[in-house]
Amino acid sequence: MRVLVVEDDPLVGDAVRQALLATGFAADLVSSAESARTALATESFDLAILDIGLPRESGIALLQGLRSRGKTLPVLMLTARDSVSDRVTALDLGADDYVTKPFEVPELVARCRALIRRANAVASARVVFGKLQVDMAHREVSAAGKPLSLTQREWAILECLVLNAGRVVSKDKLMSAVADWSTDLTPNAVEQYVSRLRGKLGDAAQIRAVRGMGYRLDDSSGA
Ligand code: CA
């Protein structure tokens, strides 16, 4: 899952980005509405975190522009504690959630996970899929009751497949789940991660390749 952080305060922006990386998301940071628009137009993201107070153009104006162009990605706003009207305006313009500054980073990250789950119609951070048990809040996965040890990228790919379980996920989407701008990744690398993940999952769940389209997580019943 890939998150765009739009925040002009480098300390806050970097803390948020690092926390998202630590939870297994790919995350990119930009500091203005202009660069956010470019990023969102050219790359695919699963969530955007928008600070309201940005230079030149506010986070509210950015949000309004996105929604008026039909962009439906989940948006979480960072707002000032004393501005009820900002929060009301943001929600009415299509923000999905907000946190007020100063905020606790773990809460922000938990809200991001919840928004991404909701966008994928997954109700809880704990998902049971066939013999697979996945805890997205704690990044734990077990197969038939046995804990598995996954690398950060294997985890990111599994999480993306679990959030879309039973549906085909394109290779591009898997690439964007593991790669932000600081990494260079090829489609071949994604194939390698998938193949290692298959080895670790054993017969607890199947990652099926769907020719020309991508991959789909199926439970191992073969149904
Ligand atoms: Ca700001």
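Note: hydrogens, waters and symmetry copies are ignored here, and every other heavy atom, side chains too, is used. All ligand and atom numbering here is 1-based and tracks the order in the structure.
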Arg153 charged N/C atom sitting above Tyr193 aromatic ring, 6.0 Å / 45°: no
Is it true that Glu57 and Arg37 have a side-chain N and a carboxylate O under 4.0 angstrom from each other? yes
Counting backbone and side-chain atoms alike, does Gly53 have an N/O/S atom under 3.0 Å from the Ca ion (ligand 1)? yes
Quick check: of its N, O or S atoms, which one does Asp51 have closest to the Ca ion (ligand 1)? OD2
Is Arg126 paired with Asp135 through a side-chain N to carboxylate O contact shorter than 4.0 Å? yes
Of all N, O or S atoms in Asp8, which has the smallest distance to the Ca ion (ligand 1)? OD1
Would you call Glu191 and Arg198 a salt bridge, using N to O less than 4.0 angstrom? no
